[in-house]
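Written out below as structure tokens is the structure these notes cover.
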Protein chains: 2
Amino acid sequence: MGDEELVPLAHRVPDLGALELLLAVARVGSLSGAARRLGITQPAASSRIRAMETRLGVALVDRSPRGSTLTAEGALVTDWARRVVEAAEAFDAGAQALRGRRDSRLRVAASMTIAEYLLPGWLIALRGQRPDTAVSLHAGNSAVVVQRVLTHEADLGFVEGLTVPEGLDSAVIAQDRLVVAVAPVHAWARRTRGVEAAELAATPLILRERGSGTRQVLDAALAGHGGLAAPLLELASTTAVKAAALGGAGPCVLSELAVVDELAARRLVEVPVSGAELGRALRAVWPAGARPAGPARDLLSLTRGTSP
Amino acid sequence: MGDEELVPLAHRVPDLGALELLLAVARVGSLSGAARRLGITQPAASSRIRAMETRLGVALVDRSPRGSTLTAEGALVTDWARRVVEAAEAFDAGAQALRGRRDSRLRVAASMTIAEYLLPGWLIALRGQRPDTAVSLHAGNSAVVVQRVLTHEADLGFVEGLTVPEGLDSAVIAQDRLVVAVAPVHAWARRTRGVEAAELAATPLILRERGSGTRQVLDAALAGHGGLAAPLLELASTTAVKAAALGGAGPCVLSELAVVDELAARRLVEVPVSGAELGRALRAVWPAGARPAGPARDLLSLTRGTSP
DNA sequence: CATCACCCATAACATCAGTTTATGGCCTTA
DNA sequence: TAAGGCCATAAACTGATGTTATGGGTGATG
């Protein structure tokens, strides 16, 4: 509610090209060098940086005849800019994979949480190793992912569930855990001892829809504590769940990956849970026997963070 | 090295206005509604969304005479877009604080890590509560922050050090910890048992410069284990440290906040450390006796995640 | 010192994406 | 059937961003 913005964000924040240019200036140490790197001319770079400085009302670079270095404010702004550019790179990596749907070499299927929060980063890294590989991405729930891998519509799948799927080989690529989080104004935010599993089970929660990997894990973990109460809200996307919790509607349960930023910024507070195991493995899966090769193997080893 | 991009990112990723528009369409459920919300006309919105679809090569919205809803791909793209927009909002919040240096009401001083990773989020929230408050921000190391608060050049400070500063009152607002991280190719990435404090102390590390809060905490924690070996590299910014570690130069030590994304994406791997306490409190500080009031109090309670 | 090789700034002009205004067609509802 | 949502298209306007062309600094080198 009440998040009107009179002037759209886009008019107050320099555009991606300008931010990229600023990063290049920081790395290279001169405006003209940065311009060369980005394939534009020096006057263009000069004018763009100047425009950004007047818009922000702060000097970003110290110009000298020997080059340009960031001012103290410039360094800070550059770090914020870097985060925007990194998010844009993740967007680009995902978008390329999505576009490549037709004529691609590596077809990936992934559950929503992994596709949203992890895959873009991996794809950026993969592009570094194999710039020519076109990647396509299909996102769906675990059952859909497994199906696509089994029918060879995908070369590699990523799932979050508990079950080791039949007919597939798999490797654990990371541990995730479910987190119970509430808005800072919620009573649970002040509990230092957190909640017992039984209390959690009995409390109406904001959850993803039945059938999602998140929901499955939660159901299983609380089965021994009376089972899950009827949900307070049942929403179709991670984002919607987060938004409801941020608004103070009640406690939500989501992957740690989805709430890292909100927890760090204290927009949400984690509530420790005792008596239930909310960890879960993130797995890569592929058709049984058919060990991934080529780009699929590269992606797999990236995700495990170890060389083959 | 070798991260040439032939076409700059800015030409492959829709601009912030377009991403914002897409988010608005997702929320509102119609192109014209989204257009109204952003203060542009319906044809502009229509053409912009279409341009984005052709650029990405994917249909993002299902149009109907009753409104427009996201396609499955559209929902995924929207989530990636949201992360870009959030980063841009953080940029904006920080930039506004920086600009407001002259005629502002709330003056904040913060150490680099907090200013980079946490403050923008808090400032977004603060703007929600008090849209009219102009905030100014000064970033520096802990000593500078303390100095500014003592001399009343800042109303509120945020520091990371171990020491409780003299002449100031403080409140712990969060726990942070230092993380030892290495590139996936580094030998330590495969150690399941991590490293002993003594081994860590004896190993040349990639560190922030002496005098930074991070460095102080590390020095103190390893003092009993033979003290810190001569650094492998000593760099002036968090980002430079990260870049060196990502390149495989060696182990780095940074705030958990700085490496959350890299750890999640497996571009870096955390190495557990036994025998040393690398936790540290993040504190808000203010002049002794002068309990924060007004906007300072609001910001403080936001950071603590509890109502006054 | 003069030359060369960097750096940055400014001016005048070209280009293109994004915008508006002005339409028209499609569906649902009263 | 008229009214009021929605979306699409066409044509003209605007401004930001780019270019080429030029000039003025600094420092290394013979």
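Every chain is numbered from 1, with letters handed out A, B, ... down the list of sequences.
Considering every non-hydrogen atom in both A/Arg267 and B/Gly121, the closest pair reads NH1-CA, 3.9 Å. Considering every non-hydrogen atom in both B/Glu53 and B/Leu60, the closest pair reads OE2-N, 2.7 Å. Contact detail for B/Ala245 and B/Cys252: the closest heavy-atom pair is CB-SG, 3.5 Å.
Sequence order on DNA chain C of the closest nucleotides to B/Arg66 and A/Ser32 puts A/Ser32 first from the 5' end. Nucleotides of DNA chain D nearest to A/Asp15 and A/Gln42 differ in position, and the one nearer the 5' end is that of A/Asp15. Nucleotides of DNA chain C nearest to A/Pro43 and B/Ala45 differ in position, and the one nearer the 5' end is that of A/Pro43.
Nucleotides of DNA chain D with any atom under 4.0 Å from a heavy atom of chain A span, from 5' to 3', D/dT17 to D/dG27.
Ion pairing between B/Arg127 and B/Asp92 holds under the 4.0 Å rule for side-chain N and carboxylate O.
When rounded to the nearest whole Å, the span between CZ of B/Arg63 and C1' of C/dC26 equals 15 Å. Rounded to an integer number of Å, the gap from CG of B/Leu21 to P of C/dA17 is 18 Å. The distance from atom NE2 of B/His11 to atom P of C/dA17 is 9 Å, rounded to the nearest whole Å. Atom pair A/Arg36:CZ and C/dA5:C1' shows a separation of 11 Å (rounding to whole Å applied).
For the residue pair A/Ser68/A/Asp62, the side-chain donor-acceptor check at 3.5 Å is not satisfied. Residues A/Ser111 and A/Asn141 have side chains that never bring a donor and an acceptor to within less than 3.5 angstrom of each other.
Phosphate contact (OP1/OP2 of C/dA9, side-chain N/O of A/Arg48, threshold under 4.0 Å): absent. Remark: A/Ser46 is not in phosphate contact with C/dC8, judged by side-chain N or O atoms under 4.0 Å from OP1 or OP2.
Aromatic ring pairs are classed by plane angle as parallel below 30°, tilted from 30° to 60° and perpendicular above 60°; the pair A/Trp80 and B/Phe91 is perpendicular.
Contacts of A/Ser47 with the nucleic acid, taken as non-hydrogen atoms under 4.0 Å apart, are absent. At the heavy-atom level, A/Thr41 lies under 4.0 Å from base atoms of the strands shown.
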